[in-house]
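Below, chain A is the first sequence line, B the second, and so on; all start at residue 1.
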Amino acid sequence: MAPRTRRTAFPKVVIERDTDSEQSSSSDDEEEVEKEEEEECPPSESESEPEEEDATKNGNGEKIEVDLSSKKKGKTPITISLKKVCKVCKKPGHEAGFKGATYIDCPMKPCFLCKMPGHTTMTCPHRVAIEHGVIPASRPNTHNSVEFVFQRQLRPTIPPIKPAYVIPDQVCCAVIRYHSRRVTCLEFHPTKNNILLSGDKKGQVGVWDFDKVHERMVYQNIHTCIVNNMRFKSTNDGMIYAASSDGTISCTDLETGLSSSLMSLNPNGWQGPSTWRMLYGMDINSEKGVVVVADNFGFLYLVDTRSNSKTGEAILIHKKGSKVVGLHCNPVQPDLLLSCGNDHFARIWDMRRLEAGSSLFDLAHKRVVNSAYFSPLSGSKILSTSQDNRLRIWDSIFGNMDAPSREIVHSHDFNRHLTPFRAEWDPKDPSESLAVIGRYISENYNGAALHPIDFIDVSTGQLVAEVMDPNITTISPVNKLHPRDDILASGSSRSLFIWRPKEKSEPVEQKDESKIVICGGAKKKRKGKFDGENDDDSDQEGWLSKTKNLKFKNSESKSARRPRKAKPAQLKEASKGTQTIDVAEWISERD
DNA sequence: AGCCTATGCAGCC
DNA sequence: TGGCTGCCCTAGGC
């Protein structure tokens, strides 16, 4: 289909009476040009007509206002001012868009963060508050016997006092432009602590040893389009399964890159979008020896991991024709399966009785559900990410499942060009309350619009930390916390980053330059460098020198990991040494 | 520097 | 239900 691009057919002009020019000009950034009128003057209907009467719209929806009354005076100079209109609502008087590194919302639209009308992101109650927009449960879920059993049997295993969170907040190594298309999923190796797997939109799978930073490999022939999910084979951690939008599940040997296809839903090739099946959600149920995988038509498939073949018929688990984007097997109770999809539902299933309409619970959301996961240790909580900009938490699958225990407003808008955001549990947190998720909306950070990665205490809704790096200007929708170490892996555009806690990381200045690998890409390609092998030192120095100005030391408060909006003088000071941040000061400065 | 493009979902008719 | 259109913070290539 031909691209639909709006074009500017006419300049944005307002022709104003020269005598009115002083009083009619408005904002500072309004551009004005003087023009001598030379052409013939069309007869004007009425002098007293308001300007709006002559207003018209150009191809871009921008308003052109022409004051014809000035033309009566013949060859007198008139003023043409290019009056700007809001690019969102096309109305004058305000302008949406970036002012420096701060995005100004269109006041005519609902808040971009919480989606409620009446205010903008700047004044959204969910924006700055540390409590970050928690909507508490309407009632405690303690009125049934199952919950009572849960409280008595499982609760004691959960530590009453939460340990202090350790936040990996400093980039320690990276591969820049590693993939040829955007990163779509990440997976840590189950036993080798330093191996990170990454899938991309093109169907390729990367294997990166982030300790030996330069040891990396991208397997190019595994899939032909988006790798949506990857899982390690439970009986052989040298093998991975991957589900792709090409409609196949692959099983790949990480050593050799040799790949076999377990299942293909499009044996007859491309017959048009109405028949092309894509695989999204996937997980492994090692107890039952099956890979569970689901497609974009609402169907679930089971693949036997021993015979590597499909077992049984496809089962409709979400609205027919809707995409099932996520599947998760309960880590404790292998009979439980959690699915989520574009029909605005997450559903819990009993693996022993999988048939259409037999879900145990249907968890309603207001928009598409990007992901839903059982908590990693007890498997008794559920965390979901929905495109209505809310995280939802069900505190106990044994309790009342009619409504989520909590909703947390968080900016993770859907954008067709981004991998959908998914909030993920910290697998190491014994209290099962820390989650990580990238943020869509940017923050003005020292004059740069950066998109942090948020750490949220989902038991309270508190924003525990937001981590960012001045060199990462792209959104980081894909994030994974290490199963054993205090490490965060993030995928942002085509690049991968490994974050470690600041106190455990070496100071930036002393950081080994070889920790950042610059891969291919036309923009940065230089003479004499091979595409994909551009380990250019000067690029790395660029990263380091830019980073040097932005060193911050954590204060006592765990939320003080946020960087402050530095003033030039402070920056100068900061470049000499580390700086302690006061949270309250930072918040007040930010506004 | 600025245009173009890939592309998913929602709302409308 | 299906086709069409718009889309508010993309990112990279040309």
Side-chain angles (χ1 to χ4, degrees), chain A residues 1-8 59-61 85-91 94-115 117 120-122 124 127 176-184 200-203 225-226 228 245 272-274 276 278 280 296-297 319-325 341-344 365-370 386-389 410-421 438-445 448-452 468 471-478 491-495 518-525 531:
Chain A
M1 197 209 290
R4 288 181 291 269
T5 311
R6 283 187 293 159
R7 290 166 196 279
T8 306
N60 206 12
V85 295
C86 173
K87 66 179 181 185
V88 177
C89 69
K90 318 288 188 255
K91 291 197 174 78
H94 65 273
E95 268 185 82
F98 277 104
K99 280 267 185 294
T102 306
Y103 193 91
I104 309 296
D105 277 356
C106 170
M108 311 302 281
K109 288 275 185 171
C111 170
F112 192 64
L113 174 56
C114 74
K115 309 301 176 196
T120 63
T121 309
M122 291 291 271
C124 179
R127 178 171 169 264
I176 309 297
R177 295 187 295 280
Y178 175 49
H179 283 271
S180 55
R181 288 292 180 272
R182 65 166 204 250
V183 173
T184 53
D200 72 22
K201 209 189 91 158
K202 211 177 175 185
C225 59
I226 311 179
N228 289 306
S245 291
S274 58
W276 185 260
M278 302 187 265
Y280 282 84
N296 57 327
F297 288 95
K319 186 180 169 186
K320 195 169 189 179
S322 75
K323 191 194 290 180
V324 183
V325 289
N342 280 22
D343 63 352
H344 301 190
H365 293 68
K366 294 222 165 60
R367 284 281 183 273
V368 167
V369 191
N370 288 348
S386 172
Q387 287 181 11
D388 64 355
N389 261 3
H410 178 264
S411 171
H412 48 255
D413 282 77
F414 170 79
N415 181 311
R416 68 188 142 164
H417 309 296
L418 295 176
T419 305
F421 291 86
R439 198 193 302 173
Y440 187 95
I441 207 163
S442 61
E443 201 67 70
N444 183 342
Y445 173 51
L450 301 178
H451 307 267
M468 58 185 96
N471 294 286
I472 307 173
T473 54
T474 49
I475 296 173
S476 304
V478 191
S492 190
S493 187
R494 298 161 51 191
S495 307
I518 318 274
C519 299
K523 270 185 180 171
K524 290 280 179 178
K525 204 154 64 180
D531 191 13

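One finds no side-chain N or O of A:Ser411 lying less than 4.0 angstrom from the OP1 or OP2 phosphate oxygen of C:dC9. Put simply, A:Arg181 has no side-chain N or O that comes within less than 4.0 Å of OP1 or OP2 on C:dT10. Distances shorter than 4.0 Å separate some side-chain N or O of A:Arg494 from OP1 or OP2 on C:dG13. Considering only side-chain N and O atoms, A:Lys323 lies under 4.0 angstrom from the phosphate OP1 or OP2 of B:dC9. Between B:dG8 and A:Asn415, no contact under 4.0 Å exists linking OP1 or OP2 to a side-chain N or O.
Two residues, A:Met278 and A:Arg367, neighbour DNA chain B, and the one matched to the more 5' nucleotide by heavy-atom proximity is A:Met278. Annotation: of the two residues near DNA chain B, A:Lys201 and A:Val368, the 5′-most nearest-nucleotide partner is A:Lys201. Nearest-nucleotide positions on DNA chain C place A:His451 closer to the 5' end than the other of A:His451 and A:Ser180.
The ring of A:Phe112 lies on top of the base of C:dC9, close enough and flat enough: under 5.5 Å between centres, under 30° between planes.
Counting atom types as modelled, A:His417 pairs no side-chain N or O with a base atom of C:dA11 as donor and acceptor under 3.5 Å.
Counting all heavy atoms, side chain and backbone alike, A:Thr474 lies closest to A:Ser492 at OG1-OG, 2.6 Å. Across all their heavy atoms, A:Val325 and A:Tyr280 have their closest contact at CA-CB, 3.8 Å.
Atom OH of A:Tyr280 is separated from atom C1' of B:dT7 by 10 Å (rounded to the nearest Å). The CD1 atom of A:Ile518 sits 16 Å away from the C1' atom of C:dG12 (whole-angstrom rounding). Per the geometry, OH belonging to A:Tyr103 stands 7 Å off P belonging to C:dC8, to the nearest Å. Between A:Lys115 atom NZ and B:dA10 atom P the separation is 12 Å, expressed in whole Å. In this structure, A:Arg182 places its CZ atom 13 Å from C1' of C:dG12, rounding to the nearest Å. When rounded to the nearest whole Å, the span between CD1 of A:Ile226 and P of B:dT7 equals 8 Å. Nucleotide B:dA10 holds its P atom 14 Å from the NZ atom of A:Lys366, rounded to whole Å. Rounded to whole Å, atom P of B:dC9 lies 15 Å from atom CZ of A:Phe421.
In the set C:dT10, B:dT7, B:dG11, C:dT10 carries the atom at the smallest distance from any side-chain atom of A:Tyr440. Taking every side-chain heavy atom of A:His344 into account, B:dA10 is the closest of B:dG8, B:dA10, C:dT10. Here C:dT10 is the nucleotide among B:dA10, C:dT10, B:dT7 with the atom lying nearest to any side-chain atom of A:Ile475. Across C:dC9, B:dT7, B:dC9, the shortest atom-to-atom separation from the side chain of A:Phe98 is found for C:dC9. Side chain of A:Ser493, nearest nucleotide from C:dC8, C:dC7, C:dG12: C:dG12. Listed nucleotides C:dT10, C:dG12, B:dG8 differ in distance to A:Phe414; the shortest reach to its side chain belongs to B:dG8.
The number of heavy-atom neighbours closer than 6.0 Å to NZ of A:Lys115, taken from other residues, nucleotides and ligands shown, is above 12.
Between A:Ile441 and A:Phe112 there is a side-chain heavy-atom pair separated by less than 4.5 Å. You'll find the side chain of A:His179 stays beyond 4.5 Å of the side chain of A:Lys201, heavy atoms only. In this structure, A:Val478 and A:Thr184 have side chains that are not in contact, with every pair of non-hydrogen atoms separated by 4.5 Å or more.
Within the 4.0 angstrom heavy-atom criterion, no nucleotide atom of any strand lies near A:Pro477. Contacts of A:Thr474 with the nucleic acid, taken as non-hydrogen atoms under 4.0 Å apart, involve only primed sugar atoms and P, OP1 or OP2. Counting non-hydrogen atoms under 4.0 angstrom, A:Asn342 reaches the backbone sugars and phosphates but no base. Using a 4.0 Å heavy-atom distance criterion, A:Lys109 is classed as a base contact.
Rounded to the nearest Å, the gap between the C1' atom of B:dG11 and that of C:dC9 is 22 Å. Nucleotides B:dT7 and C:dG13, compared at atom P, are 15 Å apart to the nearest Å.
Using N1 to N3 plus N6-O4 or O6-N4 for Watson-Crick, or N1-O2 and O6-N3 for G-U wobble, each under 3.5 Å, B:dA1 pairs with nothing.
Because its NZ or CZ atom is not both nearer than 6.0 Å to the ring centre of A:Tyr103 and within 45° of the ring axis, A:Lys99 does not count as a cation-pi partner of that residue.
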